[in-house]
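Here the structure is laid out as structure tokens; the discussion comes afterwards.
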Amino acid sequence: MTAPAAPAAPAAPPVLLRVRDLKTYFVTEHGKGTARAVDDVSFDLFPGETLGIVGESGCGKTVTSLSILRLVPEPPGHVLPGSLIEFEGRNLLALSAPELRAVRGNQIAMIFQEPMTSLNPVFTVGDQIAEAAIIHQHLSRRAARARAIEMLRLVGIPDPDERVDDYPHQLSGGMRQRVMIAMALICHPKVLIADEPTTALDVTIQAQILELLDRLQHELGMAVLLITHDLGVVAGHADRVVVMYAGRVVETATTDALFEQPTHPYTEGLLAAVPRIDARRARLHAIPGQVPAATAWPPGCRFHPRCPYAWEKCVAEEPPLLDAGDGAGHAARCWLVTEPERRVPKR
Amino acid sequence: MTGSAWLLRRLAASLAIIFAVVTFIFILIHLAPGKPCSENLEPRICDLLTHQFGLDQPLAVQYGRYLVELAHGNLGMSFSLRRPVLDALVETVPFTLQLAGAALALDFLLGLGLGIYQAVRVNRLPDVALGNATLFVYSLPTFWLAPILLLIFGEKLRWFPVGGASDPIFCPAVTSLFCVADRLWHLVLPATTLGVVGAAGTARFQRAAMLEVANQDYVRTARAKGVPERQIVLRHQLRNALLSFITRFGLAFPFLLTGAVLVETVFAWPGMGRLAFNAILTRDYPLVTASALIASTVVVAGNLLADILLGVADPRLRVQAAAEADIATA
Amino acid sequence: MPRRSSRSLHIVLAVVALAACERRGGCTTAGCGTLIDAAVVEPPTLLPPSTEDIVASDIGEQLFLKLADVGMSTNTDGDEDFQPLLAQRWEWDGPLTLVFHLDPRAHWQDGQPVTAADVEFTFNAYNDSVVASPFRPKLQRIEKVTTRDSLTAVFRFRERYREMFYDAVYHMRILPAHLLRSVPRDQWRTAPFGRQPVGDGPYRFVRWQAAQSIELAADTNFFLGRPGIRRLIWRFTPSLPVAVQQVIADQADIREQLVTPDFVERAKAAQQLAIYTYRGNVYTYLDFNLRSADDSTKPHALVRRALTMAVDRASLVKSTLGDLGRVPPGPISALVGIWDPDVRQLPYDTAQAARLLSLHGWRDHDGDGIRDKDGQPLAFHMLVPSSSGLRKQYARLLQEQFRAIGVRAEIDELEGSVVAQRTGSGNFDTALLSRSNDPSPGSGITQSWTLAGFGGSNFGRYYNPEFERIVQLAISAPTRERARTLWRSALETINADAPAIFLYALSNIGAVHKRVDNVQFRPDSWAALLRTWRIPPDRLIDRDRVER
């Protein structure tokens with residue numbers, strides 16, 4: 001029932017990473033149910049661009065990002081047949097283990113939310129940064145160490161010659177995330193998946209890390225898949241945005257279009273939660289209720305229990321991604337696109 | 001240096017613990033009912049001997065005397081062995097070290113190997129089969145295992161000697177390479193008895209530790225870097241799982257020593273476990289106390305060793321210990 | 001894992017086999033031979049006056065000679081059945097004086113001759129309370145030992161009795177005065193000599209590996225003839241089942257006591273073993289504590305008799321020990337010459353037992369199944385050493401049989417050292433005790449069942465003047481026949497008095513490798529004649545031939 005929301009620009013460069021109909025389900029404990037964490041997600045990533053994936057926790061955005069490199073633990077998770085993750089024309093889901101390893105960390109790299117636990121506590125940061133270079137570029141230990149120092153310098157760590165022998169616990173949170181970035185970028189990947197790269201950091205450090213990512217993206221020319229719950233982060237750094245809710249893509253647009261004309265009520269809610277300069281408000285409390293459990297998505301539009309505009313149709317039938325009509329591939333999974341007059345809050 | 005200050009502090013604490021254990025054992029064994037004479041010895045002769053050895057003195061006097069002697073390096077005279085305690089220990093402790101060393105090696109090398117192998121093959125047939133096998137072995141009581149091994153491999157198959165530490169004709173003392181082989185040959189069954197149950201436990205422990213580590217974020221990071229699975233297990237998981245393994249290693253010593261009592265008795269292994277056990281049965285106070293001294297030293301040293309190893313293996317502790325020492329010396 | 005370890009195991013085996021082959025050749029004549037004894041207890045010292053365990057005595061037989069020794073009959077009466085050893089001959093010089101003439105060929109293994117001064121020195125040491133020898137009480141009737149010349153020792157007795165000669169020769173092994181004179185008496189128990197003895201016997205001490213083995217080598221110049229086996233090894237295996245397994249697996253040659261019917265069967269099934277049966281020196285009994293000064297609290301003779309009659313001793317022995325035990329005709333082991341199955345004993349008669357108890361006022365007034373009197377139930381505790389499986393089993397069987405006549409017995413299983421303490425201090429109701437005897441009826445009975453044993457091994461403090469009188473008469477009876485009659489009467493007296501229930505006396509069954517010829521187990525000391533055992537040259541096996 002889903003129509004792929006293909007970007008419409010005719011002269012667009014070839015797609016770098018194409019995700020189609022991705023379904024990643026989890027068997028819950030004792031096989032009692034199936035959590036449809038990612039349920040039919042499609043999007044494209046073009047070379048050099050930054051694509052933001054936005055949603056509250058539990059919406060499936062992290063599982064989507066892990067599915068790309070097949071890092072979802074199996075069992076309990078599995079990517080369903082029929083899903084497609086195409087990188088430079090190759091379906092990653094069909095690769096053998098060694099072929100997949102040649103992609104991981106080499107052409108597609110990833111950084112994670114929690115820089116402390118994501119670094120191995122018993123190895124020096126230098127060793128951990130160098131490891132990918134040794135594996136993929138077959139560098140000697142010595143050469144890899146030199147590369148690691150170079151990378152530390154690149155990500156703005158002072159005294160990289162000394163820090164290279166530090167253990168993760170000797171570094172601050174921001175420094176650790178810089179190390180993660182250095183580790184991810186040592187092989188100059190074409191795609192960097194950044195899963196909530198700044199969530200665990202305090203605000204000033206967040207900005208520094210995001211600036212660093214921007215700078216490195218320009219220097220190295222990679223595409224970035226920026227996964228965040230924070231539309232504020234997306235605003236300054238993403239070219240396009242995919243909004244996810246309940247395992248589905250609910251809206252996709254260029255960043256400008258999204259902020260100018262949010263179409264899905266969920267996007268609206270998220271935007272309302274972005275902190276303003278004048279008033280610090282709690283971010284997510286603007287949308288009443290919580291994301292439902294992935295084992296029992298609501299029927300019809302999955303957002304309807306929390307939607308201020310929902311009517312009978314929303315309960316009965318799930319909308320497809322509908323073209324919002326302002327060009328540039330802006331689409332939303334909402335009946336309001338067909339009946340805009342109903343955009344009247346009930347509460 | 002801060003590291004050595006930390007070590008000194010630990011050593012002092014260890015000495016205090018050993019002293020406390022020895023005092024406790026000294027009091028306990030003297031308060032226990034029973035007297036240091038066999039059932040068949042005439043009571044009046046026993047009384048005479050008790051007097052000769054000063055056992056009719058108040059406990060505080062005996063303890064004070066013991067400490068004075070101990071300070072002079074004199075562990076006293078064993079009643080039951082009729083010889084200096086030190087002589088008996090010098091002869092028997094090496095045998096216990098050989099046995100416990102072999103058992104420890106079996107326990108931890110075999111256990112570690114199996115645990116890692118299972119973690120690599122997790123939930124596949126070899127893992128499931130080994131999991132059941134180790135559970136079976138782990139549930140075997142040593143007092144049952146020892147005679148069974150003797151019956152099968154000693155009496156029936158005659159592959160290994162039925163007890164003893166050396167061939168009494170060829171090798172009353174280890175004087176040649178042949179006698180080294182003879183010693184090892186005699187060591188197989190007792191060391192297996194003492195070590196194999198622990199090895200099964202270690203295998204299960206190690207498998208669990210490896211799998212626990214397998215869910216850590218940094219393992220996912222390694223995978224995302226394209227590190228091969230084998231290297232993830234053997235490098236990233238193992239190094240972290242070793243930390244809990246070392247802790248377990250430090251805790252193994254008391255169990256080895258208590259196990260040695262039974263194994264040495266059944267297999268006629270001339271070690272100090274058997275000596276200590278007999279000493280308790282015969283109320284051989286000096287020998288009991290000296291055995292407690294040695295045993296507590298071994299246990300405390302094992303813990304210290306584990307802590308030192310842990311410091312080497314876990315960079316987080318290294319700094320912490322140094323910092324603690326800084327505070328202590330400040 | 002099993003495959004790999006079995007491969008390395010085979011490599012080890014191959015090495016061992018190769019080495020064994022290499023050493024083939026060696027000693028191949030008569031007088032070769034190595035015997036390994038699978039011993040359970042390691043002696044603490046080999047210095048004879050300080051030893052109280054059997055293995056020390058077995059080894060002592062090889063190292064230190066007595067003046068003379070009992071024969072295979074173990075008759076201790078008079079001197080007719082005794083064999084000369086260190087003493088070539090002896091004569092009586094008046095009723096209280098015994099003169100020994102030492103064999104001039106006898107010498108210590110350091111080359112010094114054995115002299116009468118050694119005999120005098122030995123007696124004084126054994127008789128010194130500071131040495132605290134367990135044999136001292138048995139030497140009390142000897143007044144002194146003197147020397148007439150360097151080869152003549154004179155024993156002076158305090159009184160005349162039937163076992164004078166036995167007491168003079170049996171308890172003491174003659175010691176080298178020149179090596180022991182300088183050792184202070186209060187340090188004899190721990191003297192280094194005890195771990196490195198120099199003797200005058202058929203074997204000399206070679207080495208002692210603590211907790212492993214003691215090795216002796218034949219003294220080829222032994223004046224009574226070269227021993228038949230050149231090397232003896234006592235190997236210490238604290239677990240009896242494992243010691244038995246060593247003999248069955250052909251890793252040892254001698255297990256002198258198989259102890260349980262099960263072990264006997266397994267040894268019989270081993271092709272290379274020959275089985276030898278001989279009289280045992282142990283009897284076991286349930287001792288009643290008669291110490292209390294208050295007659296009302298100590299068990300009345302009637303009650304003791306009733307309890308004895310309530311126990312089916314013959315069936316108990318049969319079911320637990322089979323051929324390995326018999327009901328003793330009194331407080332004696334099978335070894336003792338006065339053993340006589342026709343001695344009158346209390347019968348097994350539960351009806352009579354019940355009648356006796358009722359007669360004495362013990363009836364089940366409150367209907368709880370236990371007899372009572374004046375509100376007190378007829379109940380007592382049985383003290384049992386937890387180290388003895390057989391006695392623990394017996395305790396349970398006794399408990400059942402007492403229960404059947406309305407008596408409650410509770411079992412206290414305690415460590416041996418605690419049992420020793422409580423029996424020694426009289427802190428018990430009843431105790432399951434074992435005593436080992438030498439072959440003399442006199443010394444064992446005197447020490448355990450008369451006034452002389454108070455503070456000694458008469459733990460229950462049994463005292464019956466009539467019994468004492470008969471025992472004294474028997475000890476000093478004018479003729480052997482008269483002594484026999486008196487001993488029989490003494491046994492019947494104590495049986496009727498029932499100061500204990502005499503439960504079983506052990507028979508010993510030993511196993512020895514079949515290649516050994518001329519095997520003789522003397523019942524009081526199986527190893528006493530080891531020097532006469534032989535291995536014919538055509539039956540030698542590897543361990544016999546080994547030269548080092």
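Computed over heavy atoms, backbone and side chain alike; hydrogens, waters and symmetry mates excluded. In what follows, every chain begins at residue 1, and chains take the letters A, B, ... in the order their sequences are listed.
Residue-level contacts of residues 42-50 of chain C with chain B, in order of numbering, are P44(C), T45(C), S50(C); threshold 4.5 Å between heavy atoms.
In this structure the side chain of Q196(C) reaches within 4.5 angstrom of the side chain of F205(C), judged on heavy atoms.
Remark: side-chain polar atoms of R207(C) are not paired, donor with acceptor, to backbone N or O of E215(C) under 3.5 angstrom.
Using a 4.5 Å cut-off between heavy atoms, R235(C) contacts chain B through its side chain alone, with no backbone atom that close. For a residue to count as touching a neighbouring chain, one of its non-hydrogen atoms must lie under 4.5 Å from one of that chain's; by this rule S457(C) touches chain B with backbone and side chain alike. Using a 4.5 Å cut-off between heavy atoms, L114(B) makes no contact with chain C at all. With a threshold of 4.5 angstrom between heavy atoms, F79(B) does not approach chain C through any atom at all. Interface remark: L48(B) contributes side-chain atoms only to the contact with chain C (heavy atom separation under 4.5 Å). In this structure, no portion of P36(B) lies under 4.5 Å from any heavy atom of chain C. If you measure heavy-atom distances from T265(B) to chain C, the contacts under 4.5 Å come from both the backbone and the side chain. With a 4.5 Å cut-off on non-hydrogen atoms, R422(C) does not touch chain B at all. For E155(B), the parts sitting under 4.5 Å from any heavy atom of chain C are the backbone and the side chain alike. Only the side chain of I233(C) comes within less than 4.5 Å of a heavy atom of chain B; its backbone N, CA, C and O stay farther away.
Checked by atom type, the side-chain pair R204(B)/T134(B) shows a donor-acceptor distance below 3.5 Å.
Separation of atoms CG (L414(C)) and OG (S387(C)) is listed at 10.5 Å; rounding is to 0.5 Å.
Qualifying side-chain contact (heavy atoms from CB on, under 4.5 Å) partners for L177(B), counting only residues two or more places apart in sequence or in other chains: none.
The aromatic rings of W185(B) and F160(B) lie tilted to each other, with the angle between the two planes from 30° to 60°.
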